[in-house]
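Each remark here refers to the structure printed beneath this line.
Hydrogens, waters and symmetry mates are skipped; everything else that's a heavy atom, side chains included, is used.
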Amino acid sequence: MEKDAKWNPEDDDRMIDAAYSDLLDGYLASNHRKKVEIIERAYRFARQAHQGVRRRSGEPYIMHPLAVAKIVSREIGLGSTSICAALLHDVVEDTDYTVEDIEQNFGPKIAQLVEGLTKISGGIFGDKASAQAENFRKLLLTMSEDIRVVLIKMADRLHNMRTLGSMAPNKRYKIAGETLYIYAPLAHRLGLFAIKTELEDLSFKHEHPEIYHDIEEKIRQTQARRSAVYSDFSAPIKEKLDGLGIQYEATARVKSIYSIYRKMENKHVPFEEVYDLYAMRIIFECDDQSKEKAICWSIYSAITDLYQLHPARTRDWIVTPKANGYQALHLTVMGPDGNWIEVQIRSRRMDEIAEKGFAAHWRYKIGEGDEESELNAWLKTIKDILDNPEPSAIDFLSTLKLNLFSSEIVVFTPKGEVMTLPAGATVLDLAFQLHSDIGLHTIAGKVNHKLVPLQHELKSGDQVEVLTSKTQMPRAEWEKFLVTAKGRTRLRKGIRALRQPMIVRGNEILVKWLADNELPESNLVMTKLQGIFHVDNRDELCYQLGADEIVLGDYLVKTLRHAAQGGAAKKRGMLSKIFTAARKATFGGGKTDDPGAAPNTTTPPEAVNPKQIYVLSSTEGEANFVLAPCCNPIPGDEVLGFITDDGRVEIHAVDCPQAQVLKAGFGTRIVATRWADVAQEFTAHVHIEGIDRRGILQELTQLISSHMGIDMRKLEIEASGEVFHCDLWVRVGDADVVEALCRHTTEINGVTSAARIH
C-alpha cells in the first residue's frame with residue numbers, strides 16, 4: 001500500500017473524473033436506452049463509499065469499479081443496470097453499506113446483481129479446497145438466476161489480471177493459475193472470445209514473462225513480411241468481393257501469444273515453424289438476417305475460385321452454431337507463399353456475438369432462438385452437476401472443467417433432433433445426455449443404422465439411436481467410457497443409489513463392531529481399516545461389509561487400537577486428504593520410476609514463508625526441495641514451489657498440468673522460487689526424429705557420450721520405413737545442457753528435430 005503523501009488529491013480527482021467521463025462517453029455511444037441519471041448516482045455512491053481507500057498499486061480504489069464498469073459496457077456490451085452493479089460491486093463487501101442500502105437507493109434488480117457478486121467475492125477460490133468448490137457452485141448457480149452476475153465477474157477478473165503486476169510473485173502465480181484453469185474456459189463457454197484470449201495471454205505473461213516477451217518480439221520482427229504476404233493474398237479476394245457489390249471489412253487476425261506458445265509446445269516446433277500465425281477475417285454488413293447464409297457462401301465461392309481449398313478444414317457453424325452461440329463459416333486455402341491460410345467469414349451480427357458472447361444475443365434475439373436454448377441447455381447441465389457435487393473439491397472442479405472448454409461435435413437422434421456434445425463423446429455420453437434412466441440402462445447403440453458398443457466414439461453428423469434394457473445395471477468401469485461431466489455425474493449418482501441399501505447395512509455393522517470393541521470411529525482407525533481391506537473410502541468399505549464380501553474379525557482389534565493410540569503425530573487435516581485424493585485421481589499417484597530423480601531431504605525442513613522468494617539449492621545430495629515426478633523440472637526451467645503437508649517444497653514446472661490444479665485449488669501454499677547452487681544431476685527426456693540411414697545411431701551416441709560428455713541412462717529407437725523415432729534419457733546439470741544437446745543433435749545429417757519432453 002502506497003502512502004497517501006505521494007498522491008495529490010487534485011490529481012486524484014482529475015484522474016477519477018476523466019475515467020468516469022470516458023465510461024459515460026462509451027455508454028452514450030452505445031445503442032442502449034440512455035439512463036445516465038442512475039449511472040451518475042451509482043458512481044457518486046461508490047466514490048463516496050470507497051473514499052480514502054487505495055489499491056495495492058497506489059491508485060484510488062474507485063478506479064477499479066470504474067474500469068470494471070467500462071469493460072462491462074464496451075467490451076461485453078451490457079447496459080445501465082450492469083454498469084451500476086459493476087460500479088457498486090465491492091461496496092457491500094468492503095464498506096459498511098448493506099444490500100438493503102443498495103436496494104433502497106437503486107432498486108431490487110441492481111441490488112440482486114450486487115448481492116450475487118458479493119456472494120462470490122474474492123475470486124472463485126478461497127484458502128480451503130472445500131470453500132473453493134462452494135464458491136464456484138455459488139458462481140455457477142447465479143448463472144441460472146441472472147447471467148449478468150457472471151459476466152460482471154468476468155470483467156472484474158479481467159481488470160484484476162490487467163493490474164496483476166503490483167501483486168507479490170506467489171499471489172501472481174495463484175491468480176494467473178486459477179484464471180487459466182477456470183476463468184478462461186468459462187469465458188470461452190460464454191462466447192466471450194476476446195476476453196478469453198486476453199485472460200489466457202495475461203496468465204501466460206505472468207507465468208512465463210521471458211517466453212511471452214520473446215514471442216511478442218518475434219511477432220513484431222516478422223510483421224513486415226507477414227503484411228506483405230497478407231497483402232498479396234487478400235488483394236485478389238478484395239477485388240472479387242468489390243465486384244460482387246458486398247459491403248465488408250477485411251482484416252488479418254494474428255494468433256494470440258498463448259495460442260502460438262501452445263502450438264510450439266504441442267508440435268515441438270520453434271516459432272519460425274508456426275506457419276498459421278494469422279487468419280483473414282471478412283465481416284460483411286447485412287441488415288436482413290435471413291440473407292446472411294447466402295452471402296457467406298457467395299464469399300466462400302469467390303475465394304475458392306481464386307485459391308486451392310483444403311477439403312478437410314471447412315467448418316460451417318452457421319447452420320449449427322457452437323454451444324456458446326458462435327456462428328461463422330471457416331475455410332482454409334493455399335496462400336501464395338505455399339502455406340495454408342484460414343479465412344473466417346461472418347456477418348456484423350455474428351462478429352459481435354463471437355466477441356461479446358451471450359450478452360450480444362439479447363440484442364439480436366428474435367423469439368426463442370437456438371442460441372438462447374443452447375445456453376439454457378448448458379445451464380441445465382451445470383445445475384445437474386451442482387445438484388450432485390463430487391466428494392472431492394478438486395474432482396468437482398475437474399468435472400466442471402470437462403464441459404467448460406471442449407471442442408464440439410453435432411449428432412442427430414433418429415427423429416432428427418440435434419445434439420451438441422464434446423469431441424470424443426461416446427454412445428454412453430449421448431444416452432446420459434438424453435436422460436439418466438436411459439444412460440443407466442444402455443446396452444449398445446446404432447450409429448448410422450449399424451450396431452456399436454456403448455463405448456463407441458461418435459463423429460459429427462452421425463445419426464445415433466440408443467438401445468436400452470431394463471435388466472441392464474450400471475457399472476463403475478463405465479466411467480472410462482464417458483467424457484462429459486453430465487455423464488460422469490449421472491453415472492456416479494445412479495451407482496450410489498443402487499449401492500445405498502448395502503452401504504447403510506454395512507455402516508450399521510461397522511458402527512456396532514467398533515462400539516463392541518471400544519474402538520473410536522476416528523479418521524486414523526477408518527484409514528487403517530481401508531488400508532487393510534484395500535478400499536479407497538468409507539462408502540466402499542461399508543458396501544463390502546453390507547454385501548458380506550468382507551468380515552470384521554477379532555484379529556483386527558489390536559492393530560486398530562494401536563493405530564488409535566499411537567497415531568496422533570500422523571494425523572492429517574482435511575486439506576491434506578483432499579489434496580492427496582486429487583493428486584491420485586488426476587495424476588495417478590506421485591511415484592516415479594526414474595532412478596536418477598533428485599533425492600529427498602532427510603533433515604526436517606525449515607518453515608517456508610510463501611510471501612518470500614524461496615531459493616532452491618543442494619549440496620552433497622541434500623536438497624532443500626523435492627522434484628515433482630509429473631513434470632521432472634531441472635535447473636534453468638521456470639518453476640514454482642508447493643508447500644507439501646510435511647512442510648517441504650515440491651518443485652513443479654510453471655505450466656505443468658498438476659501445477660495448474662495446485663495454483664487453482666491451493667493458492668495459499670504456492671511459493672515463488674529461484675534456482676541457486678544445485679550441485680547434482682537430473683534426468684531429462686529428449687525426443688529425436690529424422691530420416692533413417694546407416695550409422696546414424698553411432699553418430700548420435702558418439703556426440704552425446706564422447707563429444708559432449710553426457711551420461712546416457714536409457715535409449716529407445718525405432719525405424720519405420722525411412723523414418724526413425726528416438727527417445728533418450730540423459731543426466732544433466734541444467735536446462736542449458738539439454739538445449740545444447742538438442743541444437744547439436746539437429747546438426748547431424750538426417751536428424752530433422754530434437755526436443756525435450758517434459
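Although no hydrogens or angles enter the test, the distance criterion places no donor-acceptor pair under 3.5 Å between the side chain of D305 and the main chain of K240. Checked by atom type and distance alone, the side chain of S706 never pairs as donor or acceptor with a backbone atom of L703 at under 3.5 Å. Here the side chain of T644 pairs a donor or acceptor atom with the backbone of R648 at under 3.5 angstrom. A donor-acceptor pair under 3.5 Å links the side-chain atoms of D429 to the main chain of V483, judged by distance alone. A donor-acceptor contact shorter than 3.5 Å links the side chain of D462 to the backbone of K459. For D214 (side chain) and E217 (main-chain N/O), no donor-acceptor pair under 3.5 Å exists by modelled atom type. The backbone N or O of A252 lies less than 3.5 Å from no partner atom in the side chain of R281, so there is not a single donor-acceptor pair. One N or O on the side chain of R669 and one on the backbone of I643 form a donor-acceptor pair closer than 3.5 Å. The backbone N or O of F481 sits less than 3.5 Å from a side-chain atom of T426, completing a donor-acceptor pair. In this structure, H652 contributes its side chain and V654 its backbone to no donor-acceptor pair below 3.5 Å.
Remark: the Q698 side chain and the Q702 side chain contain no N/O donor-acceptor pair separated by less than 3.5 Å. The closest side-chain donor-acceptor pair between D655 and Y261 falls under 3.5 angstrom. Y230 and R225 share no donor-acceptor pair across their side chains, judged by distance under 3.5 Å alone. A donor-acceptor contact under 3.5 angstrom links the side chains of R731 and T683, judged on distance only. Side chains of Q223 and R220: no donor on one and acceptor on the other come within 3.5 Å.
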Donor-acceptor contacts under 3.5 Å from residues 202-211 side chains, at least two apart:
residue: S203; atom: OG; partner: A176; partner atom: O; Å: 3.4
residue: S203; atom: OG; partner: L199; partner atom: O; Å: 2.8
residue: E207; atom: OE1; partner: K663; partner atom: NZ; Å: 3.4
residue: E207; atom: OE2; partner: K663; partner atom: NZ; Å: 2.2
residue: H208; atom: ND1; partner: E638; partner atom: OE1; Å: 2.7

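A pairwise comparison of heavy atoms in T484 and P422 identifies CG2-CD, 3.4 Å as the closest pair. Among all heavy-atom pairs drawn from C742 and V686, the shortest one is SG-CG1, 4.0 Å. The two residues F625 and S617 come nearest to each other via the heavy atoms CE2-O, 3.6 Å. Taking each heavy atom of P336 and V229 in turn, the nearest pair found is CG-O, 4.4 Å. Taking every heavy atom of both residues into account, Q658 and C630 meet most closely at OE1-SG, 3.3 Å. Taking each heavy atom of V464 and L458 in turn, the nearest pair found is CG2-CD2, 3.7 Å.
Separating the CD1 atom in I688 from the OG1 atom in T745 is a distance of 4.5 Å, to the nearest 0.5 Å. Separation of atoms CG (L700) and CE (M712) is listed at 7.5 Å; rounding is to 0.5 Å. Atom OG of S256 is separated from atom CD of E198 by 11.0 Å, given to the nearest 0.5 angstrom. T179 contributes atom OG1, which lies 14.5 Å from atom NZ of K196 (distance to the nearest 0.5 angstrom). For the atom pair OG1 (T746) and CD (E689), the distance works out to 13.0 Å, reported to the nearest 0.5 Å. Here OH of Y278 is found 8.5 Å from CG of N339. Values are rounded to the nearest 0.5 Å.
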Test side-chain contact (heavy atoms from CB on, under 4.5 Å) applied to H456 and V447, step by step: CA-CA 9 Å; H456 176 84; V447 175; 3.8 Å; yes
M264 and I215: side-chain contact (heavy atoms from CB on, under 4.5 Å), yes or no, with the steps? CA-CA 11 Å; M264 290 165 62; I215 295 174; 4.1 Å; yes
side-chain contact (heavy atoms from CB on, under 4.5 Å) between V730 and R713: does it pass, once the steps are laid out? CA-CA 5 Å; V730 292; R713 282 300 177 95; over 6 Å; no
Step by step, work out the ring-ring contact (aromatic ring centres under 6.0 Å, His included) result for Y307 and W340. CA-CA 10 Å; Y307 296 109; W340 294 107; over 10 Å; no
Before you tell me yes or no, could you show the steps for H685 and L728 under side-chain contact (heavy atoms from CB on, under 4.5 Å), namely the whole-Å CA-CA distance, both residues' side-chain angles and the distance that decides it to 0.1 Å? CA-CA 6 Å; H685 176 193; L728 173 70; 5.9 Å; no
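The side-chain heavy atoms of V626 and V649, taken from C-beta on, include no pair separated by under 4.5 Å. In this structure, I299 and L329 have side chains that are not in contact, with every pair of non-hydrogen atoms separated by 4.5 Å or more. Under the 4.5 Å side-chain criterion, counting only non-hydrogen atoms from C-beta, I341 is not in contact with T332. For the pair I717 and H725, the minimum side-chain heavy-atom distance is 4.5 Å or more. Annotation: side chain of V751 is in contact with side chain of I696 (closest heavy-atom distance under 4.5 Å). In this structure, L421 and V411 have side chains that are in contact, with non-hydrogen atoms separated by less than 4.5 Å. T222 places a side-chain heavy atom less than 4.5 Å from the side chain of F271. Between F233 and M280, the closest side-chain pair of non-hydrogen atoms falls below 4.5 Å.
Salt bridge present: E716 and K714 bring a charged side-chain N and a carboxylate O closer than 4.0 Å. Salt-bridge formation is not detected for the pair R262/E265: no Lys NZ or Arg NE/NH1/NH2 atom is positioned less than 4.0 Å from an Asp or Glu carboxylate oxygen. Ion pairing between a basic and an acidic side chain is recognised when a charged N comes within 4.0 Å of a carboxylate O; R693 and E699 show such pairing. Taking 4.0 Å as the cut-off between side-chain N and carboxylate O, D637 and R756 count as a salt-bridged pair.
Taking the six-membered ring where the residue is Trp, H330 and W317 present perpendicular rings, their angle passing 60° and hence far from 30°.
Within 6.0 Å of atom CD in E747, more than 12 heavy atoms from other residues, nucleotides or ligands are found, so the atom counts as buried in its surroundings.
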